Amino acid sequence: MSSFETAQVVVAYRERSEDRIAVVANGDRTVIVVADGAGGTGDGHIAAETVVRETLANHDAIHSSTGWSRFLSQLDVRVHAGEATAVIVDVRPDRILGASVGDSCAWVINGADTTDLTRTQNRKPLLGSQMAKPAPFWHGPLDGLLLAGSDGFFSYAKRDQVTRLVARTDFWVVPRACVDMVRLPSGDLWDDTAIVACRVRQTHLSRKRYSI
């Protein structure tokens, strides 16, 4: 039986971050959700919180990529304040399922090879617009490191730099190192930034799941 360990971080660009992350482990299954509230709508943080809350409440009943895509389509009309991106990654021993909409992303990094799980997603319209078109995705077993996060990282990170960082960085420090990678020379960030790293559990390490 496979199980997974995660490390995560959310760093605010503004006084209050519009980004939200949740991770739920259920036996040999781990579900990750990242939501980024659209700052220009005024209630983006509420939309992001709705995405996370509804995902946590419904994840037990969803068992396919099309199911996750359908869930996000239904959620589109239940987000009544603001708009948000969403990426949901459902990691299982034999496969990765999920769906996304917007510009939050998920990559699987295995050495020098990077697979963008969210490459077919529609950047707009966002959840809460009542016009969102979520895209499902599917991947085989997790064969490296999974990174899921908001556009505060993925819009500014270069793929080859990310693969090098992952190769040389302790797993538990990867999310914070990713945030530091996209900082401006001043130390500021371009945007709120949220990152989750996930891998198959290493048996020689502590079984505790960390939040950095």
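All values derive from a computational prediction rather than experimental measurement.
- Between the OG1 atom in T118 and the CZ atom in R123 there is a gap of 10.0 Å [rounded to 0.5 Å].
- Within the 3.5 Å criterion, the main-chain N or O of D116 finds a donor-acceptor partner in the side chain of R119.
- Applying the side-chain contact (heavy atoms from CB on, under 4.5 Å) test to A197 and every residue at least two apart in sequence or in another chain returns L145, L147, F171, V174, P175.
- In this structure, F153 CZ and C178 SG are separated by 4.0 Å, a value rounded to the nearest 0.5 Å.
- Not counting sequence neighbours, the partners of D180 by the salt bridge (charged side-chain N to carboxylate O under 4.0 Å, His left out) test are R183.
- Within the 4.5 Å cutoff, the side chain of K158 has no heavy atoms near those of the M181 side chain.
- The closest side-chain heavy-atom distance from R95 to L97 is below 4.5 Å.
- In terms of modelled atom types and a separation under 3.5 Å, the side chain of T163 and the main chain of D160 share a donor-acceptor contact.
- Atoms SG and CD, on C198 and Q8 in that order, are 11.0 Å from each other to the nearest 0.5 Å.
- Not a single donor-acceptor pair under 3.5 Å links the side chain of D43 to the backbone N or O of E83.
- L72 and I46 are assigned to two separate hydrophobic clusters, defined by single-linkage of ILVMFWY side chains at heavy-atom distances under 4.5 Å.
- By the 4.5 Å heavy-atom criterion applied to side chains, R29 and H63 are counted as neighbours.
- Using a distance-only test at 3.5 Å, with no hydrogens or angles considered, a donor-acceptor pair links the side chain of T55 to the main chain of V51.
- Contact check for Q121 versus C105: side-chain heavy atoms found under the 4.5 Å cut-off.
- D19 and S17 form no side-chain donor-acceptor contact under 3.5 Å, judged by distance and modelled atom types alone.
- Evaluation of the ring-ring contact (aromatic ring centres under 6.0 Å, His included) test over residues 88-142, restricted to residues two or more places apart or in two chains, returns W107-F154.
- Here CZ of F71 is found 11.0 Å from NE2 of H59. Values are rounded to the nearest 0.5 Å.
- Among all heavy-atom pairs drawn from A48 and E18, the shortest one is CB-O, 3.5 Å.
- With D188 contributing its side chain and L184 its backbone, the two residues share no donor-acceptor pair below 3.5 Å.
- At a threshold of 4.5 Å between non-hydrogen side-chain atoms, the residues I96 and V108 count as touching.
- Placement of V182 and V11 within a single hydrophobic cluster is found when ILVMFWY residues are connected by side-chain heavy-atom separations under 4.5 Å, directly or transitively.
- Between A47 and A81 the shortest heavy-atom distance is CB-O, 3.3 Å.
- Linking Ile, Leu, Val, Met, Phe, Trp and Tyr residues whenever their side-chain heavy atoms come within less than 4.5 Å leaves V101 and V77 in two separate clusters.
- The shortest distance between side-chain heavy atoms of V23 and V33 does not fall below 4.5 Å.
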(request) Might you work through the side-chain contact (heavy atoms from CB on, under 4.5 Å) test for I62 and I88, ending with a clear yes or no? (result) CA-CA 11 Å; I62 302 173; I88 299 172; over 6 Å; no

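- Of all the heavy atoms in A106 and L146, the pair that sits closest is CB-CD1, 4.3 Å.
- D191 meets the salt bridge (charged side-chain N to carboxylate O under 4.0 Å, His left out) test with R14; sequence neighbours excluded.
- In this structure, the side chains of M131 and K124 stay at 4.5 Å or more apart for every pair of heavy atoms.
- Going from atom CG of L126 over to atom NZ of K133 covers 13.5 Å, rounded to the nearest 0.5 Å.
- Side-chain contact, D36 with S104: no donor N or O sits under 3.5 Å from an acceptor N or O.
- Atom CZ in R70 sits 14.0 Å away from atom CG in L75 (nearest 0.5 Å).
- Under the salt bridge (charged side-chain N to carboxylate O under 4.0 Å, His left out) criterion, D151 pairs with no residue, sequence neighbours left out.
- Counting non-hydrogen atoms of other residues, nucleotides and ligands closer than 6.0 Å to OH of Y13 gives a total of 12 or fewer.
- Side chain of Q130 to backbone of D76: a donor-acceptor contact under 3.5 angstrom is found.
- Considering only residues two or more places apart in sequence or on other chains, D94 meets the side-chain contact (heavy atoms from CB on, under 4.5 Å) condition with R92.
- Under the 4.5 Å side-chain criterion, counting only non-hydrogen atoms from C-beta, D60 is not in contact with N58.
- For the pair S69 (side chain) and S65 (backbone), a donor-acceptor distance under 3.5 Å is absent.
- Residue L127 is grouped with residue V31 when hydrophobic side chains (ILVMFWY) are merged at heavy-atom distances under 4.5 angstrom, including chains of intermediate members.
- Heavy-atom minimum distance, P134 versus S73: CD-OG, 3.4 Å.
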